[in-house]
There are 2 protein chains.
Amino acid sequence: MELTDRQKQILRAIVDIYVSTAEPVGSKAIAALPDVKFSSATIRNEMAELTQMGLLEQPHTSAGRIPSPAGYRLYIDELMQDYRLSLDETRTLSEALELKSQEFDRMMSQVGKLVSKMTNLPAYTVATRQSEAVARHFDLIMTAPGSIILVLMLSGDVVKNKLLKLPVHVTEQELKLLAAVLNASLTDLTAEEIGGDLLEKISRSAGAAAPLVPLVMDFTLECLRQQHGDVHLTGQMRLLGQPEYRDAAEKAQEVFETLDEEMLTKLPAVLPKDGPVQFLVGPENVARELKDTSVVMMRFDIGDGMQGTIGVVGPTRMDYAKITAKLGYFAENLGRMFQKGGNATAQTPALPDGAKDTDS
Amino acid sequence: MELTDRQKQILRAIVDIYVSTAEPVGSKAIAALPDVKFSSATIRNEMAELTQMGLLEQPHTSAGRIPSPAGYRLYIDELMQDYRLSLDETRTLSEALELKSQEFDRMMSQVGKLVSKMTNLPAYTVATRQSEAVARHFDLIMTAPGSIILVLMLSGDVVKNKLLKLPVHVTEQELKLLAAVLNASLTDLTAEEIGGDLLEKISRSAGAAAPLVPLVMDFTLECLRQQHGDVHLTGQMRLLGQPEYRDAAEKAQEVFETLDEEMLTKLPAVLPKDGPVQFLVGPENVARELKDTSVVMMRFDIGDGMQGTIGVVGPTRMDYAKITAKLGYFAENLGRMFQKGGNATAQTPALPDGAKDTDS
DNA sequence: CTTAGCACTCTTTCCTTCTGAGTGCCAATA
DNA sequence: TATTGGCACTCAGAAGGAAAGAGTGCTAAG
């Protein structure tokens, strides 16, 4: 049951139109397209056929057609045309990408905001650890008597810190010693490799700073066990800009109750190992609450066992082509930034310049 | 034009009822209250009077009354009864406050989430710097050849870090030297006190690591100039749970377009120096878009020149008493945590146990 | 195989009517 | 004089239709 070229053309047209109007598409609307050479009656017949095949749906008898989830899937997999960013868009994007030099976490959060702004949809970012984490470096800094900051550097260039308040008094000298011991014995070990005997051993070598050791160990283990960085979800409210949520506040609320941080951290796992982009369309999604909601995710490489994911949440009717293009641009640039270096400022890559642009 | 006791009683009743029902309050509803000893006709007369004074409003001729912004203001300033958290609530709150030991920034974000969950409204947290920031400690850690992490500790126990990628090769030894130089000459200086000659001086002493110096300086200055930490705004969607926004997605969207991060960072500044809590009611707010929206903010002390703010965003009709109580509980505990120490785990303070509890 | 035409369906919109909550005012009452 | 019961009046919102319009499926002709 392969589709004929004409059927493909019609399906594509329906998705394209529906994506931008959010209204069911009638046969006349398609017949009116410049490169459609057949009549609305023919289109009606084909549409009946496509509906039969489960690629289209009819909200009610006398309405036009909308794509079914299967229809979207086919569109995404086979019919979608590469959306080319217009010159204007690339310019805006690369300006936006000139992230203020910042810490990693802040940058991820900023990227999320940018993506959300550019797509006018909710967006999120996560950093996921690919390989087992190990500690790379310990640092103990006294800020006031009894107040110590532990700075812990992990693989993946992740830096964590924690304020430790201490009942006993410790001198600067003793702190230095403890830091040295930690760096000597606790680095380059995975969480599993750190056993109980190590705690004792370190405590013995730590002298007066020994009471600090369990606190440090706890925090270290906690950090090592953390599989992913913070989830930065922003622009939730933009979902309300979409017609399907405009008067369905409840639905929008449900979406984010389901799509909480936990869920979002798990999503990157479904990304296929090879492809950098993944579409979760409607009911393919795990939860029923997300029936009309889709997620587009894209992965980029951070290096050193870490991997970033940017995602966009929107109605199932969303402009997959455009969003994929935009996400792709971000992912490419971010990947470049992390790989090649340069101090966290984006390059402007050569991109094919723009064609059609219908604003979402 | 002082209010009589009876007028006060009526105004208070109207606010109390309206807050929980979100419906205009009629004279009968008030007359039905157990401790109201006069008839609905009398109440009607008083209500007409209060309306005259601008404390009440009438959505339309044949509807009940709702408090005007001035009415809320008077309620908050004079009429509001202390809401006592019930035992159940304090238990839930103190369980919630057992924050996972974490870095400061994460904790602030977690607090925001908790507050939002407890109040069922959007909430935010910010840390604001009260005094001029200075650097306390520098640390340079090589993670790979050409890849260096700068860890910078500021006053207020704030830790920042940044990945520096370096074109030239630098040895561990040279990095140590540079760190020592930085710690000797760049600490305890405010942004203003760091001048151009310092850059040169440090570069000269830095030897082979000299190319790093401007990068470090830039980042340092950037951090020192930062007046506040990240804003953590969460639970925006909960605003939709409120009847006034239920079918007014647009309005909800506008609220957060206006109340963006920039705005939120500025809000704590309006907090009076003495009181720890501040109410922004409807039109008192800066922007017209926030007409029906109010913000309750509470400050808590972090120590070392830093100050935290937690805030809740909601409809002007919100349960100020209850929200103040809950925020107060958080603020108190957080203050305690930061002041006294203990490793970032909340104590359960003795609180008067509960009375009335109408769920919002 | 395609197309024009037409009857039919069903949503959406616009009116109209109706209901009920709540008011303001007046006259009676304590 | 302050309070109260009573009553006419107002107005938003619900409920019920009627009309409009978009789009379909089917049939018969090209």
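All values below come from the heavy atoms of this structure, side chains included, with hydrogens, waters and symmetry mates left out.
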Engineer: Taking the side chain of A/Q58 as heavy atoms from C-beta outward, which of C/dT23, D/dT3, D/dG25 is closest to it?
Structural biologist: D/dG25
Engineer: Using nucleotides 18-21 of chain C, report all nitrogen or oxygen pairs with the protein that are shorter than 3.5 Å.
Structural biologist:
none

Engineer: Picking from D/dG25, C/dA4, C/dT9, which would you name as closest to the side chain of A/S39?
Structural biologist: C/dA4
Engineer: Would you mind reading off the distance between B/K28 atom NZ and C/dG24 atom C1', rounded to a whole angstrom?
Structural biologist: 14 Å
Engineer: Taking the six-membered ring for Trp, are A/Y75 and A/Y320 closer than 6.0 Å centroid to centroid?
Structural biologist: no
Engineer: Measure from CD1 on B/I66 to C1' on D/dA12 and round the result to the nearest Å.
Structural biologist: 14 Å
Engineer: Rounding to an integer number of Å, can you tell me how far A/E23 CD sits from D/dG21 P?
Structural biologist: 16 Å
Engineer: Whether A/R65 contacts D/dG25 is assessed here as follows: a side-chain N or O lying under 4.0 Å from the phosphate OP1 or OP2. Is that the case?
Structural biologist: yes
Engineer: Please enumerate all protein N or O atoms sitting under 3.5 Å from an N or O of nucleotides 27-29 of chain D, with distances to 0.1 Å.
Structural biologist:
none

Engineer: Dump the pairs, protein N or O against N or O of nucleotides 5-7 of chain C, anything under 3.5 Å, distances to one decimal.
Structural biologist:
| from | atom 1 | to | atom 2 | distance (Å) |
| --- | --- | --- | --- | --- |
| C/dG5 | O6 | A/R44 | NH2 | 3.0 |

Engineer: Under 4.0 Å: is that the gap between some side-chain N or O of A/S27 and OP1 or OP2 of D/dT24?
Structural biologist: yes
Engineer: Are A/T61 and C/dC10 close enough that a side-chain N or O sits under 4.0 Å from OP1 or OP2?
Structural biologist: yes
Engineer: Check the pair A/R12 / A/D16 against salt bridge (Lys or Arg N to Asp or Glu O under 4.0 Å), numbers first and verdict last.
Structural biologist: CA-CA 6 Å; A/R12 182 187 296 140; A/D16 285 341; 5.4 Å; no
Engineer: Give the intermediate values and the outcome of side-chain hydrogen bond (donor to acceptor under 3.5 Å, both in side chains) for residues B/Y245 and B/Q253.
Structural biologist: CA-CA 10 Å; B/Y245 294 100; B/Q253 248 187 308; over 6 Å; no
Engineer: For B/T42 and D/dA2, is the shortest distance between a side-chain N/O and OP1 or OP2 below 4.0 Å?
Structural biologist: no
